[in-house]
2 protein chains.
Amino acid sequence: MTRSEENYIKTIFHIGRQGQEAVSTNSIAEQMETKPSSVTDMVKKLSDKNLVNYKRYQGVSLTDLGTKVALGVIRKHRLWEVFLVEKLDFSWDEVHEVAEQLEHIKSDKLIDRLDRLLNYPKYDPHGDPIPDKDGGFEERDKKLLSEVAVGEGGVCVGVKDSSASFLKFLDKNNIALGQFIQVLEMEEFDGSLVIGIGDSTRQISHQIAANLYVKIKE
Amino acid sequence: MTRSEENYIKTIFHIGRQGQEAVSTNSIAEQMETKPSSVTDMVKKLSDKNLVNYKRYQGVSLTDLGTKVALGVIRKHRLWEVFLVEKLDFSWDEVHEVAEQLEHIKSDKLIDRLDRLLNYPKYDPHGDPIPDKDGGFEERDKKLLSEVAVGEGGVCVGVKDSSASFLKFLDKNNIALGQFIQVLEMEEFDGSLVIGIGDSTRQISHQIAANLYVKIKE
DNA sequence: ACAAATTTTTAGGCAAGGCTAAGTTTGTGT
DNA sequence: ACACAAACTTAGCCTTGCCTAAAAATTTGT
Ligand SMILES: [Mn+2]
Ligand SMILES: [Mn+2]
Ligand SMILES: [Mn+2]
Ligand SMILES: [Mn+2]
């Protein structure tokens with residue numbers, strides 16, 4: 001597996017997660033900031049290697065083998081992100097770029113030992129689940145904060161958008177994973193929310209609420 | 001800098017260390033298990049980028065910029081080796097291959113933090129010095145065990161050959177860095193030595209002695 | 001000094017992974 | 001039903017890094 005092949009597989013996996021149908025050439029190209037024609041070339045190669053199912057003009061989906069490869073790369077990516085935060089004091093908005101490089105290092109022993117060093121973490125710094133050695137992972141049952149009813153609340157367990165700018169915004173506003181957030185009011189006009197975190201209350205836009213996952217406490 | 005360029009620069013640095021003259025195309029090719037014609041191609045590219053001094057048929061040497069790049073890659077390689085041994089319990093014969101991959105990860109912050117995590121080590125698991133951020137490093141004054149006079153001894157501080165087979169041999173014979181080794185006898189016929197380590201004595205071939213560095217205790 | 005051996009370079013190609021421009025196929029609106 | 005737009009593929013080209021075979025420069029041996 002080349003670095004490029006791994007990146008395509010990973011992208012196809014991620015796009016495929018939301019909406020189960022075949023993944024389109026264009027969506028892959030957009031995600032990877034490359035051209036559709038390049039995607040077609042690569043997809044043929046992946047198909048020859050039995051990593052994806054592909055019929056011309058019909059989009060693409062991962063085979064079982066392809067899924068295994070994707071989960072392996074994602075496992076590495078997320079473990080390295082944990083390493084960077086836990087052991088090297090990176091902040092959660094700095095880790096992704098470096099993990100994009102580290103995820104391609106080839107050594108089973110390395111990744112197993114890293115897992116052990118980090119104490120077998122189940123989630124990465126953004127709240128995303130880390131597949132285990134066999135590709136199994138627990139998707140937490142979570143809800144976007146924007147869909148939580150007024151009066152309810154939950155523990156913040158993840159972000160949907162994990163861009164540096166969003167993460168920095170959260171830092172600046174003292175919103176972090178693990179905190180209990182309560183929806184106090186919802187403004188009909190623009191969907192903005194008044195939320196309670198710890199002792200303080202804050203107003204956040206719909207945009208923000210629609211990118212924060214919480215685990216509902218009934 | 002591409003991965004390939006970094007590997008060439010590093011190789012030129014290493015060959016250049018023993019014997020100060022210009023490095024030959026053939027020696028680079030041999031070391032990198034590639035062909036001389038490929039070396040010529042790359043060397044031209046490196047010359048264009050001001051990383052090496054090159055005149056046709058005259059061999060090649062690193063510029064100041066090239067030396068800086070080489071030391072940067074070597075710093076990364078050796079720090080990762082320390083990480084693998086100290087934090088992930090790799091043995092010293094397993095680290096090189098993985099470090100060959102890790103040395104190309106691009107992130108200054110990563111390497112600085114790794115250095116800190118490891119407590120600013122000065123030497124790697126094979127006793128080789130780790131350049132600091134500015135490329136400075138302390139070459140220990142050391143001597144091959146094969147050149148130590150009978151009756152003298154010193155602390156084992158490094159290996160010349162760091163192939164897995166040699167390192168495994170040392171492990172099997174309980175020879176490790178940090179141990180005090182005394183040369184008790186030297187056999188004229190084949191250059192083999194009788195050495196004392198701790199309480200025991202052992203016979204080792206010239207081959208072995210010529211690949212072990214010790215720091216003489218006067 | 002000079003022919004032979006060795007080293008190094010050049011010429012011409014190949015595979016991977018991109019791109020642009022030009023076809024095909026598919027889906028949509030009327 | 002069918003024209004047209006959008007999506008997708010193909011054709012042909014580029015760069016990087018590598019190769020083989022052939023040519024050129026340098027070194028060596030006598
Ligand atoms: Mn990430
Ligand atoms: Mn993440
Ligand atoms: Mn090494
Ligand atoms: Mn080493």
Side-chain angles (χ1 to χ4, degrees), chain A residues 1-13 15-16 18-62 66 69-70 73 100-101 103-106, chain B residues 1-13 15-16 18-62 66 69-70 73 100-101 103-106:
Chain A
M1 296 284 315
T2 68
R3 168 168 314 223
S4 189
E5 286 170 342
E6 287 185 347
N7 282 332
Y8 274 94
I9 292 290
K10 190 179 51 147
T11 300
I12 293 167
F13 179 90
I15 299 175
Q18 51 260 41
Q20 292 302 40
E21 327 108 36
V23 171
S24 76
T25 302
N26 272 11
S27 64
I28 299 169
E30 189 182 350
Q31 184 74 31
M32 299 194 60
E33 302 185 47
T34 180
K35 301 294 167 180
S37 54
S38 305
V39 174
T40 300
D41 286 347
M42 179 57 87
V43 149
K44 283 179 188 166
K45 224 183 316 178
L46 297 176
S47 179
D48 290 345
K49 294 193 180 184
N50 217 326
L51 292 160
V52 302
N53 304 116
Y54 171 62
K55 271 201 260 78
R56 279 154 73 256
Y57 295 101
Q58 301 310 134
V60 74
S61 64
L62 292 181
V69 169
V73 176
E100 283 293 306
Q101 298 180 62
E103 72 187 4
H104 301 292
I105 301 292
K106 278 163 187 61
Chain B
M1 296 282 316
T2 68
R3 169 167 314 224
S4 189
E5 285 171 343
E6 287 186 347
N7 282 332
Y8 273 94
I9 292 290
K10 189 179 53 147
T11 300
I12 293 166
F13 179 90
I15 298 175
Q18 51 260 41
Q20 293 302 41
E21 327 108 38
V23 172
S24 76
T25 302
N26 271 12
S27 63
I28 298 169
E30 189 182 349
Q31 183 74 30
M32 299 194 60
E33 302 185 46
T34 181
K35 302 293 167 181
S37 54
S38 305
V39 174
T40 300
D41 285 348
M42 179 57 86
V43 148
K44 284 179 187 167
K45 223 183 316 177
L46 297 176
S47 179
D48 290 344
K49 295 192 179 184
N50 218 323
L51 292 160
V52 302
N53 305 116
Y54 171 63
K55 271 201 265 345
R56 279 154 75 256
Y57 295 101
Q58 301 311 133
V60 73
S61 64
L62 293 181
V69 169
V73 176
E100 284 292 307
Q101 298 179 63
E103 72 187 6
H104 300 292
I105 301 293
K106 278 162 187 61

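Naming: A, B, ... by sequence-line order, numbering from 1 per chain. No hydrogens, no waters, no symmetry mates; every other heavy atom, side chains included, goes into these values.
- A 4.5 Å side-chain heavy-atom check between A/E100 and A/K10 finds at least one atom pair inside the cut-off.
- For C/dT9, the OP1/OP2 oxygens have a side-chain nitrogen or oxygen of B/Y54 closer than 4.0 Å.
- Side-chain atoms of A/T11 come within 3.5 Å of backbone atoms of A/N7 as a donor-acceptor pair (strictly under, hydrogens ignored).
- The side-chain heavy atoms of B/I9 and B/V52, taken from C-beta on, include a pair separated by under 4.5 Å.
- Remark on DNA chain C: of its neighbouring residues A/R56 and A/Y8, the 5'-side contact belongs to A/Y8, judged by nearest-heavy-atom nucleotide.
- A/T40 comes within 4.0 angstrom of a base, heavy atoms only.
- Within the 4.0 Å cut-off from OP1 or OP2 of C/dA16, not a single side-chain nitrogen or oxygen of A/K45 is found.
- Side-chain contact between A/Y8 and A/V39: present, with at least one pair of heavy atoms (C-beta onward) separated by less than 4.5 Å.
- Closest-nucleotide positions on DNA chain C for B/S37 and A/Q58 were compared, and the one nearer the 5' end corresponds to B/S37.
- Checked against D/dC18, D/dT20, C/dG17, the side chain of A/S4 finds its nearest nucleotide in C/dG17.
- Atom CG of B/N7 is separated from atom C1' of D/dC18 by 14 Å (rounded to the nearest Å).
- Taking atom NZ of residue B/K55 and atom P of nucleotide C/dT8, one finds them 16 Å apart after rounding to whole Å.
- B/D41 has its CG atom 12 Å from the C1' atom of C/dT8, to the nearest Å.
- Counting heavy atoms from C-beta outward, B/T25 and B/V43 have side chains that stay 4.5 Å or more apart.
- As a whole-Å value, the separation of B/L46 CG from D/dC18 P is 11 Å.
- Using a 4.5 Å heavy-atom threshold, the side chains of B/N26 and B/E30 count as separate.
- Helical stems involving DNA chain D, defined as 3 or more consecutive Watson-Crick or G-U pairs under 3.5 Å, span C:1-30 with D:1-30.
- Going from atom CD1 of A/I15 over to atom C1' of D/dA7 covers 15 Å, rounded to whole Å.
- In this structure, B/S38 reaches the bases: a heavy-atom distance under 4.0 Å links it to at least one base atom across the strands shown.
- Counting all heavy atoms, side chain and backbone alike, B/H104 lies closest to B/E6 at ND1-OE1, 2.6 Å.
- In this structure, CD of A/E33 is placed 19 Å from P of C/dG17, rounded to the nearest angstrom.
- Within 4.0 Å (heavy atoms only), A/K44 reaches sugar-phosphate atoms of the nucleic acid but no base atom.
- Taking 4.0 angstrom as the limit, B/S24 places none of its side-chain polar atoms (N or O) nearer than this to OP1 or OP2 of C/dT7.
- Side-chain contact between A/L51 and A/M1 is present, with at least one heavy-atom pair separated by less than 4.5 Å.
- Computed from coordinates, the B/N26 CG to D/dT27 P distance equals 13 Å when rounded to whole Å.
- Between C/dG17 and A/T2, a contact under 4.0 Å exists linking OP1 or OP2 to a side-chain N or O.
- The base of C/dT7 is not paired with the side chain of B/Y57 by any donor and acceptor separated by under 3.5 Å.
- The separation between B/E5 atom CD and D/dT15 atom P is 16 Å, rounded to whole Å.
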